Trainee: 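Mind looking over this structure? Questions follow.
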2 protein chains.
Amino acid sequence: MPDITTALKGCGECPIRHRAVCALCDPPELRELDAIKFYRSFPAGQTIVWAGDQMDFLASVVSGVASLMQTMEDGRTQMVGLLLPSDFLGRPGRGTAAYDVIATTDLVMCCFRKKPFEELMARTPHLSQRLLEMTLDELDAAREWLLLLGRKTAREKLASLLVIFARRDAALRLTRPESEFSFELPLTREAMSNYLGLTLETVSRQFSALKRDGVIRLEGKRRIVIPDFQALLAETGDDSDGGVPS
Amino acid sequence: MPDITTALKGCGECPIRHRAVCALCDPPELRELDAIKFYRSFPAGQTIVWAGDQMDFLASVVSGVASLMQTMEDGRTQMVGLLLPSDFLGRPGRGTAAYDVIATTDLVMCCFRKKPFEELMARTPHLSQRLLEMTLDELDAAREWLLLLGRKTAREKLASLLVIFARRDAALRLTRPESEFSFELPLTREAMSNYLGLTLETVSRQFSALKRDGVIRLEGKRRIVIPDFQALLAETGDDSDGGVPS
DNA sequence: CGCCCTTGTTGATCTCGATCAAGGAAACCG
DNA sequence: CGGTTTCCTTGATCGAGATCAACAAGGGCG
């Protein structure tokens with residue numbers, strides 16, 4: 001609950017921080033969105049919506065991490081969306097959720113009721129253009145993810161995920177990932193295994209291997225230190241120029 | 001070259017067929033798009049654009065199949081986009097291609113030069129809304145694909161791909177996939193393996209296994225007969241209600 | 001027609017990651 | 001404070017799919 005206050009403060013105080021908290025609430029749509037937005041927070045582990053449920057709002061992640069999970073009939077699960085701060089949730093023009101949405105950490109979202117949001121969309125070309133841009137970014141991210149799942153080894157997969165975290169973290173701090181860079185892992189080993197298409201045991205073993213080889217250090221179980229970001233990048237198997245040159 | 005003529009005829013003659021050939025050329029944008037559209041065709045195997053190349057047009061697939069390919073530094077490749085008739089290629093607001101685009105079969109595309117298309121987008125809210133819808137569909141497809149790559153067995157992967165083909169084929173014929181349904185495979189074993197994150201040997205073995213078990217029959221190497229569509233669906237591992245109930 | 005070249009099938013073997021199993025460490029709580 | 005739970009690590013073994021290799025079937029073309 002204190003998180004909500006923080007988020008609201010962030011929204012009103014500093015344009016830069018604001019940009020980080022709600023990717024949509026930017027001029028000139030800002031004023032109109034303000035009228036219909038509200039904040040919700042969820043504790044870690046809570047399911048926000050179940051696949052197939054009615055979903056009467058759209059939202060943007062303010063702080064924390066949410067994930068979209070897909071389940072097969074025999075119970076196998078795969079993460080199909082990882083929503084970090086500023087990412088968007090929901091599909092305009094659709095009434096029900098296609099995937100389970102889970103708060104992976106404590107989570108605050110900036111929500112918009114579906115009806116007024118869609119009316120605003122119809123009146124505001126800028127809004128759907130912005131949404132198109134964000135969706136295209138998400139599609140690009142999904143395509144990187146396809147390569148990861150289809151062709152990368154377990155070690156490359158984990159290194160790639162750590163790079164994603166490092167870049168997001170650096171973006172929030174308005175720096176670049178530098179030598180001796182450290183951050184908090186926002187996911188459990190199990191959640192990471194669901195992202196990577198592995199078992200949690202394999203994820204754990206790859207952590208140990210990267211640690212053994214000096215690519216990372218662990219402070220406790222959740223804080224990661226990256227002594228040399230380039231060395232980590234080299235472990236991803238990606239083309240040297242691949243991805244966003246964040 | 002005769003293909004172009006066919007496509008142009010299709011565009012002018014029958015609204016239903018037209019919808020199938022170019023998903024964008026629909027009223028009321030139709031007239032304005034008509035002015036800037038042109039057709040290009042490519043022989044099977046030809047690379048249309050290389051990743052990183054300048055890309056000064058956007059396009060919609062009229063007939064044939066194109067694929068987006070991503071390559072790792074050591075040569076491993078993964079298909080990250082499969083463009084069937086009516087699918088869209090290109091990203092408004094970006095100058096260079098992010099992936100190799102390859103004509104997997106003989107291909108006809110309806111192209112729009114980037115500049116005029118983007119000007120039209122700015123003037124025509126409907127157009128970016130339509131594009132948003134198509135991009136969201138593609139994102140949903142990518143998320144199904146993530147589940148496939150991350151968690152499905154080789155057999156389930158192949159069955160899932162065959163279902164995708166069957167549904168697309170049925171949609172073009174304006175029927176549903178019924179018992180004793182047959183169609184032409186638009187991809188080589190190698191292209192399928194690049195879609196599925198497998199080797200071509202494994203794909204071939206799974207074809208043999210599905211054939212042995214009576215789930216499919218092969219007429220030659222390219223024509224597939226599905227005696228019982230439900231039986232094929234059961235092999236995908238998906239929730240019974242999963243995906244589009246096409 | 002015979003040759004090459006692409007595409008697909010099948011077999012033998014190997015390996016990476018899954019599975020099964022045990023135990024450790026930190027947080028939570030009565 | 002001990003007991004439970006959650007999260008993580010490590011070991012032993014197994015198996016699905018990769019890899020290496022040989023061959024078959026067309027199809028285009030001189």
Side-chain angles (χ1 to χ4, degrees), chain A residues 43-46 65 72 74-78 102-106 148-162 184-212 216-224 235 237, chain B residues 43-46 72 74-78 102 104-106 148-162 184-212 216-224 235 237:
Chain A
Q46 181 166 329
V65 180
M72 294 175 67
D74 63 357
R76 279 172 284 173
T77 59
Q78 172 67 47
I102 295 173
T104 301
T105 65
D106 287 339
L148 178 148
L149 288 176
R151 298 302 186 193
K152 288 188 177 180
T153 64
R155 184 183 176 99
E156 289 167 341
K157 284 178 174 181
L158 181 55
S160 303
L161 183 57
L162 294 180
E184 207 71 22
L185 286 172
L187 265 55
T188 64
R189 302 287 185 268
E190 188 186 25
M192 288 188 258
S193 76
N194 278 327
Y195 182 103
L196 300 172
L198 298 169
T199 60
L200 69 90
E201 292 95 326
T202 298
V203 172
S204 183
R205 276 185 243 277
Q206 295 306 325
F207 263 110
S208 303
L210 288 175
K211 199 170 59 178
R212 169 175 47 73
I216 62 173
R217 274 181 290 137
L218 282 172
E219 296 181 347
K221 292 173 193 307
R222 284 305 190 85
R223 175 153 282 270
I224 286 277
E235 294 288 348
Chain B
Q46 182 166 330
M72 295 174 66
D74 63 359
R76 280 172 282 173
T77 60
Q78 172 68 46
I102 295 173
T104 301
T105 65
D106 287 339
L148 179 148
L149 288 176
R151 298 301 185 192
K152 288 189 178 181
T153 64
R155 185 184 176 100
E156 288 167 342
K157 284 178 174 182
L158 181 55
S160 302
L161 182 56
L162 294 180
E184 208 72 22
L185 286 172
L187 267 56
T188 64
R189 302 287 185 269
E190 189 187 25
M192 287 187 261
S193 75
N194 277 329
Y195 182 103
L196 299 172
L198 298 169
T199 60
L200 69 90
E201 293 96 324
T202 298
V203 172
S204 184
R205 276 184 242 277
Q206 295 305 326
F207 263 110
S208 302
L210 288 174
K211 198 168 62 179
R212 169 175 48 73
I216 61 172
R217 274 180 290 136
L218 283 172
E219 295 181 350
K221 291 174 191 310
R222 285 303 191 89
R223 174 153 284 268
I224 286 277
E235 294 288 348

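Below, chains carry the letters A, B, ... as their sequence lines are ordered, and counting in each starts from 1. On a predicted model such as this, the values are computed, not experimentally measured, just so you know.
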Trainee: Would you say B:R205 places a side-chain N or O within less than 4.0 Å of OP1 or OP2 belonging to C:dT9?
Mentor: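 Negative; the distance criterion is not met.
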Trainee: Could you check how far CG of B:D74 sits from P of D:dT19, rounded to whole Å?
Mentor: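 In whole Å, D:dT19 P and B:D74 CG are 10 Å from each other.
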Trainee: Which whole-number value in Å describes the distance from A:R212 CZ to D:dT9 P?
Mentor: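 Result: 14 Å.
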Trainee: So which nucleotide from C:dG17, D:dT9, C:dT10 ends up closest to the side chain of B:E201?
Mentor: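 Taking heavy atoms from C-beta onward, the closest nucleotide is C:dT10.
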Trainee: Is there a side-chain polar atom (N or O) of B:T188 under 4.0 Å from OP1 or OP2 of C:dT7?
Mentor: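 Checking C:dT7 against B:T188, no side-chain N or O comes under 4.0 Å of OP1 or OP2.
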Trainee: In Å, rounded to the nearest 0.5 Å, how long is the span from CZ of B:R151 to CG of A:L198?
Mentor: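 The CG atom of A:L198 is 7.0 Å from CZ of B:R151, to the nearest 0.5 Å.
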Trainee: So, is B:S204 near the phosphate of C:dT9, with a side-chain N or O under 4.0 Å from OP1 or OP2?
Mentor: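 The answer is yes; a side-chain N or O of B:S204 sits under 4.0 Å from OP1 or OP2.
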Trainee: Can you tell me the distance, in whole Å, between the CD atom of B:Q206 and the P atom of D:dA18?
Mentor: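 Distance, rounded to whole Å: 10 Å.
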Trainee: Should A:E156 and A:L148 be marked as a side-chain contact (heavy atoms from CB on, under 4.5 Å) after you check the CA-CA gap, both sets of side-chain angles, and the distance that decides it?
Mentor: CA-CA 8 Å; A:E156 289 167 341; A:L148 178 148; over 6 Å; no
Trainee: Return the minimal non-hydrogen interatomic distance between A:M192 and A:L161, and the atom names on each side.
Mentor: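 For A:M192 and A:L161, the tightest heavy-atom pair comes out as CG-CD2, 3.7 Å.
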Trainee: Let me know the distance between CZ of B:R76 and P of D:dG17, rounded to the nearest Å.
Mentor: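 After rounding, the gap between these two atoms is 18 Å.
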Trainee: Pick base, sugar-phosphate or nothing for B:L198, based on heavy-atom distances below 4.0 Å to the nucleic acid.
Mentor: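 Sugar-phosphate contact only.
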Trainee: In whole Å, I'd like the distance from the CZ atom of A:R151 to the P atom of D:dA18.
Mentor: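 The answer, rounded to whole Å, is 8 Å.
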Trainee: Starting at the 5' end of DNA chain D, which residue's closest nucleotide do you reach first, A:S208 or B:T199?
Mentor: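 Residue closer to the 5' terminus by nearest nucleotide: A:S208.
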Trainee: Search all heavy atoms of A:Q78 against all heavy atoms of A:L149 and return the closest pair with its distance.
Mentor: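 Shortest heavy-atom contact: NE2-CD1, 4.0 Å.
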Trainee: If I take atom CG in residue A:L158 and atom C1' in nucleotide D:dC8, what distance separates them, rounded to the nearest angstrom?
Mentor: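 Answer to the nearest Å: 14 Å.
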Trainee: Map A:K221 and B:V203 onto DNA chain D by nearest heavy atom, then report which one ends up closer to the 5' terminus.
Mentor: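 Nearer the 5' end of the strand: A:K221.
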Trainee: Base, sugar-phosphate, or nothing for A:G197, non-hydrogen atoms under 4.0 angstrom?
Mentor: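 It contacts sugar-phosphate atoms only.
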Trainee: Just the rounded figure in Å: distance from P of C:dT6 to CG of B:L200.
Mentor: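 So the two atoms are 14 Å apart, to the nearest Å.
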Trainee: Considering non-hydrogen atoms only, spot the tightest contact between B:T104 and B:P186 and give its length.
Mentor: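 Heavy-atom minimum between the residues: CG2-O, 4.1 Å.
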Trainee: Rounded to whole Å, please give me the gap between CD in A:E184 and C1' in D:dC7.
Mentor: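 Atom CD in A:E184 sits about 15 Å away from atom C1' in D:dC7.
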Trainee: Does a side-chain N or O of A:R222 approach OP1 or OP2 of D:dC8 to a distance below 4.0 Å, or not?
Mentor: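 Answer is yes, contact under 4.0 Å.
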